[in-house]
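What follows is a set of notes on a single structure, which appears directly below.
When reading the values below, keep in mind they use all heavy atoms of this one structure, side chains included, and skip hydrogens, waters and symmetry mates.
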Amino acid sequence: MSRKRPKPEKFVAKLRQADVLIGQSTIVAEAIRAIGVSEVTYATSCWTERSSTAYGRRRS
């Protein structure tokens, strides 16, 4: 049986939490471990987010 993927809402919440931790001067690797994803997953999601917009990373 395959593993279930997290829902997009939960994954976005984890990425936002990582952004907050990085904004508080936490080392990126530590922030990634704190949210419970691998470095590859984090890097892939950031790359996908940046390439999906014409003006870089989305900020609201």
Q. Do you know the tightest heavy-atom contact between A18 and A31?
A. O-CB, 4.2 Å
Q.
If the condition is side chain to side chain donor-acceptor pair (under 3.5 Å), which residues does S38 pass it with, not counting sequence neighbours?
A. T41
Q.
Tell me whether V20 shares a hydrophobic cluster with L15, the cluster being built from Ile, Leu, Val, Met, Phe, Trp, Tyr side chains joined at under 4.5 Å.
A. no
Q | Set of side-chain contact (heavy atoms from CB on, under 4.5 Å) partners for V12, sequence neighbours left out | A | R16
Q. Can you name the side chain to side chain donor-acceptor pair (under 3.5 Å) partners of T26, sequence neighbours left out?
A. none
Q | Atom pair CD1 (I32) and CG (L21), whose distance is rounded to the nearest 0.5 Å | A | 10.5 Å
Q. At their closest point, which heavy atom of K14 faces which heavy atom of V37, and how far apart are they?
A. CD-CG1, 4.3 Å
